[in-house]
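This report refers to the structure that appears directly beneath it.
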Amino acid sequence: MVPRASVFGFGKGTAKGGSPRARVAAYKVCWPPVSGNECFDADILAAFDVAIQDGVDVLSVSLGGDPTAFFNDSVAIGSFHAIKHGIVVVCSAGNSGPDDGTVSNIAPWQITVGASTMDREFRSVVVLGNNMHYKGQSLSSKVLPDKKFFPLLSAADAKLANASIQNATLCQAGALDPKKVTGKILVCLRGKNARVDKGQQAALAGAVGMILANDFLTGNEIIADAHLLPASHINYTDGLAVFAYINSTKNPMARIMPVTTLIGTKPAPFMAAFSSKGPNTITPEILKPDITAPGVSVIAAYTEAEGPTNEDFDKRRVQFNSASGTSMSCPHVSGIVGLLKTRYPNWNPAAIKSAIMTSATTLDNANERILNASYIKAGPFSYGSGHIQPNLAMDPGLVYDLSTKDYLNFLCTLGYNDTLISAFSQDNYKCPGSINLANFNYPSITIPNLVGSITVTRTVKNVGTPGTYRAQVQKPVGISVKVKPKKLKFKKVGEEKTFIVSLKVKKGEAIKEYVYGQLVWSDHVHYVRSPIVVKAV
């Protein structure tokens, strides 16, 4: 545990991992060519092989590409071999949100993690000349003189003669006129170039500060960055108000207050706009992502080979930085998996995954449904089973179990031939006769093309005390749901019980888009929750 960890003194506290006494081995698979990182399949598979030989317990995989067929997906193939050895593989969902169908790492043997906020803000308030206050966020180490107002300028009004209005509005390189910008606070729109690069361009043009305003898609997702000049990142609605003030005022003025750290902010968590979303485009019957965890403005130890903005112009060096992405939420889950592996060394990866998924919550700290970055109710395609709850995952009550054979049968349902399956099995595996993908024992139930009715089978294993569990169902709109039996009585640990769920389209009530419900098995101590996701045809 590392005392006094902070970014420029902000968020000061003791840094500790999800598995504080674990040992960490890192396998480098991405290498810097001329243009950005490249992560080749050969390197990814080699790393999985070495990690398996090294005997790791958990693999945290903060990388991924576009969703692709499993036989062509090196992370899917490598992670399959890892789970055969009892290694839990946790993967990032991707940062291509908020569009639907963008989630990657969609194999059922992977734990796929979305990103959401936490109840901490690095607040930097913007005060306009009309005394309106707007709550932004920043990790700028530089501050403006106390209570002094500066002229306020929209970047669109600061363009060089030969630059486009769009490039100027986004504060892109070579678009801003220093004669117009010098000595002013510049308002830049989010998008295209890096958030910190906008601040650098503003500073190069002579700005004393920057207000970074979200566009429509990024909504309320504001990120604390280590800007090189005094800056504040504000949400879309507040950005509209700032632009309106500039356009309606002869001499607009503003100031940016110094950063303060706030804990307990509401609503939290809400989904990050960048977090990739379902449905799963390869196998829509498997709900992805599986879970969400903190992935916005996360304080983490950092390389001193680069500055906190990763930009060549940044000569500062820090031991800790604030970073955002599903690459940051993924290791939160990996740490919790480490604790579960320590507590239950004999549990297989599927049991650990089930414990995490079925104990998750879909409520925020205001006891309301988790929202997306536009403050509209999010759903399972954003957060999977919900937001991770580590303490409850330690005592899940029941788990949905799966073996390597179940995963191979899953590949059989996709029509994979012996050659394709051999990439996963290494042995000759003969597919059984008929298997229904709807009966795959996943901790969530997803029916992407429901015609009339369907009956799905699930099996749960008792990993807690003896007890009687009763089914509680929240039905998706226009779908009837029946569970048989309605109660399951367990007398001992390890005992398994099978139940069926019948889903039927209600004539005249169903809508032709995805609808959501849930199934909860409860003994009044444990609440074993599974999302139900259905689309009627």
Side-chain angles (χ1 to χ4, degrees), residues 62-67 91-106 112-118 121 136-137 170 188-195 198 212-225 233-240 267-282 284 286-298 323-330 332-333 360-364 368-388 444 446 448 513-516 531 533 535:
S62 283
L63 62 98
D66 292 330
C91 299
S92 300
N95 303 326
S96 302
D99 290 344
D100 291 339
T102 47
V103 63
S104 62
N105 292 322
I106 33 76
T112 309
V113 189
S116 35
T117 63
M118 54 182 115
E121 287 181 13
Q137 289 199 52
L170 294 166
C188 300
L189 187 68
R190 185 173 177 183
K192 289 239 169 138
N193 55 328
R195 298 180 302 273
K198 296 174 192 292
L212 174 60
N214 270 354
D215 59 8
F216 177 75
L217 281 178
T218 43
N220 294 291
E221 174 199 275
I222 50 181
I223 294 172
D225 291 307
H233 182 175
I234 59 175
N235 69 25
Y236 173 65
T237 312
D238 293 348
L240 290 180
F270 65 84
M271 296 306 302
F274 61 72
S275 187
S276 290
K277 287 173 63 181
N280 177 337
T281 52
I282 305 298
I286 303 295
L287 178 63
K288 290 286 177 172
D290 294 303
I291 197 84
T292 187
V296 179
S297 300
V298 178
S324 299
T326 52
S327 284
M328 301 309 292
S329 56
C330 168
H332 277 83
V333 177
T361 182
T362 58
L363 299 178
D364 62 20
E368 300 286 345
R369 275 269 303 279
I370 291 174
L371 304 171
N372 66 17
S374 299
Y375 281 3
I376 298 164
K377 283 179 184 174
F381 288 141
S382 295
Y383 51 61
S385 294
H387 192 272
I388 194 162
S444 55
T446 307
E513 56 188 59
Y514 278 103
V515 286
Y516 315 115
V533 178
K535 186 179 183 183

S276 side-chain N/O to S96 backbone N/O, donor-acceptor pair under 3.5 Å
yes
Residues which pass disulfide (SG to SG under 2.5 Å) with C91, listed by chain and number, not counting sequence neighbours
none
One pair to check against side chain to side chain contact (heavy atoms under 4.5 Å, CB included): M271 and L371. What are the steps and the verdict?
CA-CA 6 Å; M271 296 306 302; L371 304 171; over 6 Å; no
Without swapping roles, check the side chain of N214 against the backbone of E221 for a donor-acceptor pair under 3.5 Å.
yes
Main chain of L363, side chain of T361: is a donor-acceptor contact present, judged purely on distance under 3.5 Å?
yes
Once salt bridge (charged side-chain N to carboxylate O under 4.0 Å, His left out) is applied, what residue pairs with a partner in residues 272-282 remain, sequence neighbours excluded?
D100-K277
Nearest heavy atoms of N105 and G64, plus distance in Å:
ND2-CA, 4.0 Å
Once side chain to side chain contact (heavy atoms under 4.5 Å, CB included) is applied, do any residues pair with A360, and if so which ones, sequence neighbours excluded?
I291, S385
D99 versus T102, side-chain donor and acceptor atoms under 3.5 Å:
no
Short side-chain to backbone donor-acceptor contact, T218 and D215, under 3.5 Å
yes
Restricting to non-hydrogen atoms, name the atom on G295 and the atom on A115 that form the minimum distance, rounded to 0.1 Å.
CA-CB, 4.0 Å
Rounded to the nearest 0.5 Å, what separates atom NZ in K288 from atom CD1 in I282?
12.5 Å
For side chain to side chain contact (heavy atoms under 4.5 Å, CB included), just list the numbers for V333 and I388, CA-CA rounded to whole Å, side-chain angles, deciding distance to a tenth of an Å, and then say yes or no.
CA-CA 8 Å; V333 177; I388 194 162; 3.9 Å; yes
In short, G114 meets S275 closest at the heavy-atom pair CA-OG, 3.4 Å
Any donor-acceptor pair under 3.5 Å from S329 side chain to P294 backbone
no
Where the side chain of D364 meets the backbone of I370, is there a donor-acceptor pair that is under 3.5 Å apart?
no
Pairing donors with acceptors under 3.5 angstrom, does anything connect the side chains of N95 and T326?
yes
Polar side-chain atom of K198 near backbone of L212 as donor-acceptor pair, under 3.5 Å:
no
Would you confirm whether R369, through its side chain, and A378, through its main-chain N or O, come within 3.5 Å as a donor-acceptor pair?
yes
Do side-chain atoms of S116 reach the backbone of F270 as a donor and acceptor pair under 3.5 angstrom?
no
Please check this pair: side chain of H387 against backbone of Y383, looking for a donor-acceptor N/O pair closer than 3.5 Å.
no
Identify the two heavy atoms, one from L287 and one from S444, that lie closest to each other, and give their separation to 0.1 Å.
CB-OG, 3.5 Å
